[in-house]
Amino acid sequence: MADSPNVLVVGAGFAGMYAVYRFRRQGLTVKVLEAGSDVGGTWYWNRYPGARCDVPSLEYSYSFSPELEQEWDWPEVFSAQTDILRYANHVADRFDLRRDMQFNTRVVGVEYRQDENLWRLTTEQGEQFEAAFVVMATGCLSVPNKPELPGADSFVGEVLHTGLWPKEHVDLAGKQVGIIGTGSSGVQAIPELAKQAGHLYVFQRTPVYTVPANRKQMRNDVQQEFRDSYREIRRMQQRNQGGISTFRPLQSDRRWQREGVDRASEKQILKLTPGQRRNLVATQGLASLLAFRDVYTDPEANDVANELYREAVRGMVADPVVAARLLPKDYGLGCKRQVLDRDYYATFNRDDVTLVDLQETPLDTITAQGLRTSDMQYELDVLIYATGFDAMTGALLKANVRGRDGRSLADKWRYGPVAYLGLQMQGFPNLFTVTGPGSPSVLCNMLVAIEQHVNWIGDCIAHMRNNGFKSIEPLAESEDEWIAHVNEVAQGTMYTAPSCNSWYLGANIAGKPRIFMPYVGGYPRYRERCERAAANGYEGFALQ
Ligand code: NAP
């Protein structure tokens, strides 16, 4: 047996990193096993050109260290992957986290040893580790989805996936590059790839709703105001539905009054006249459509916003045929994770970019030289998959988890993920998931969600040790009740509209049960529920 710490953590992304800090501070020994060669998780793997975060960096940052908050400089308001990875490395250095981490170590087995009440983890290299507690900090979007396309193995050019982008520079100069997929990753990568490649072919199956990202450089006075207000900002995050404070330094909110739009109607697009709506999009851009509450719940309001969106795209893309192909038609705003872009539509006005609509001319096969659709052969040197992830459950299932009586997690989850509060599963005692299915996770500022979960798990382990408990797991009825609640709050939102096919629902993976996986009831309500369970002696859990 290689090692036996108190807690084994799988994954050295932001969750695993904080787990080391937190668990160490409470006197536990901890060891992290990580497949990559260093820290950073998502930001370690997703190095494709254009990768950046859609949450402002001053908020997408750890809150556990006031010193860290004061000393780190963010160059941009919404940071690029390189800056976020630099931050992760800084945190790892500053708190000496790597001392308890083993890299290049992929966990392929997580097995509960019932007689010893221990978990045994097996790695790809055959090493084994044991601990009383396991924390799966494996991320929500960490298992790349690479669809099995006919003929894929015959392609002789270079194959890349946005979610597994090489560390080394990829030279695309003068090359014929194809990219499959127009979700967040594709939309971010396409404008950058177009600048680098000889010619870029975008193979689109479903058009996307994307709005321009905030491109502001960080201003020193804004950063300073955040630093001066961080304690209040962190409190505001705890009260916000998505874990993002509404702190707006130096920014006037009188804009709406100037535009002649009162704050009540800000929430409902149907309360504006057609002229006011058009004026709003013309003066404030596409992102203004996202501010209306009824767009997410009322199909009529949703249709109004969708049509305004389409009208705006027609104005941005020079060729009307290309514009028509880029317009989402079968689903509405708010169904999928909102995509943010930098010059996405303008990129299709370039002569060296071709949009191929796979609904019009379906993909026939990948060939040795490229990709063939029903009407054309496209010669390619490089084929890039921007085809997303097996989200939320993928990494947990891939780790081959087996609980009591040898029951696999895959068996427990054959009809969809069954868990309590996205933290634990019945039959898998002392195993915890960070931002697991049924928790706000991907609908929340991830750093806020991660810290809340790791703190809860740390407190739970402390409670057990202080009170002589050897095992904790949820009651079956707690799981049932929680899943019913998770489903109930998702009903009536655009997320679960019949026309919606998103990775939130597992709809991007063939054969995956269609279940809405994250908790949409808001972070504060969720956090209070977790706190109440703990305060009531871990209500809903069986402690032994
Ligand atoms: P995604 O949203 O799932 O998009 C995958 C794309 O690949 C879709 O356009 C999909 O088309 C296409 N695709 C999949 N299989 C295909 C096939 N067999 N043939 C043709 N096309 C296929 O994945 P993603 O873009 O990687 O984004 C996933 C999530 O990661 C985001 O929603 C976001 O949460 C996160 N992310 C965030 C950022 C950011 O912070 N800004 C950036 C990147 C990613 P269909 O729609 O037709 O299936």
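The figures here come from the full heavy-atom set of this structure, side chains too, leaving out hydrogens, waters and symmetry mates. All ligand and atom numbering here is 1-based and tracks the order in the structure.
- Counting only N and O atoms by type, the side chains of His453 and Thr435 include no donor and acceptor under 3.5 Å apart.
- Neither side chain, Asn46 nor Gln81, offers a donor N or O lying under 3.5 Å from an acceptor on the other.
- For the residue pair Gln188 and Arg52, no side-chain donor N or O sits within less than 3.5 Å of a side-chain acceptor on the partner.
- For atom 12 (C) of ligand 1, the nearest protein heavy atom (residue, atom name, distance) is Gly181 CA, 3.6 Å.
- If you check which protein heavy atom lies closest to atom 39 (C) of ligand 1, you get Arg52 O, 3.2 Å.
- The aromatic ring centroids of Tyr62 and Phe14 lie less than 6.0 Å from each other.
- Figure legend: cation-pi geometry between Arg525 and Tyr523 absent, as NZ or CZ is not positioned both under 6.0 Å from the six-membered ring centre and within 45° of its axis.
- The nearest non-hydrogen atom to atom 14 (C) of ligand 1, considering only Thr387, Ile509, Leu358, comes from Thr387.
- Of the listed options Ser79, Gly183, Cys140, Gly183 places a heavy atom closest to atom 4 (O) of ligand 1.
- Salt bridge annotation for Arg227-Asp73: present, with a cationic side-chain nitrogen under 4.0 angstrom from a carboxylate oxygen.
- Protein heavy atom closest to atom 37 (C) of ligand 1, with residue, atom name and distance, is Ser184 CB, 4.0 Å.
- Atom 45 (P) of ligand 1 has as its closest protein heavy atom Thr206 OG1, 3.4 Å.
- Distance from atom 26 (O) of ligand 1 to its nearest protein heavy atom, with residue and atom name: Ser185 OG, 2.6 Å.
- When non-hydrogen atoms are compared, ligand 1 lies under 4.0 Å from the side chain of Leu141 (C-beta onward) but not from its backbone.
- The single protein non-hydrogen atom nearest to atom 17 (C) of ligand 1 is Arg205 NH1, 3.4 Å, given as residue, atom name and distance.
- Among protein heavy atoms, the minimum distance from atom 34 (O) of ligand 1 is reached at Trp503 CZ2, 3.3 Å.
- For the residue pair Thr138 / Lys398, no side-chain donor-acceptor distance below 3.5 Å is found, with atom types taken as modelled.
- Geometrically, ligand 1 and Asp54 share a nitrogen or oxygen pair separated by less than 3.5 Å.
- Atoms of ligand 1 lying under 4.0 Å from at least one heavy atom of Gly388, given by number and element, are 3 (O), 5 (C), 23 (O), 24 (P), 26 (O).
- Using modelled atom types and a 3.5 Å distance limit, the side chains of Tyr18 and Asn455 yield a donor-acceptor pair.
- Of all protein heavy atoms, the one closest to atom 21 (N) of ligand 1 is Ile180 CG2, 3.6 Å.
- Listed by atom number, the atoms of ligand 1 under 4.0 Å from Ala386 heavy atoms are 5 (C), 6 (C), 7 (O).
- Aromatic pair Phe348/Tyr344: ring centres closer than 6.0 Å.
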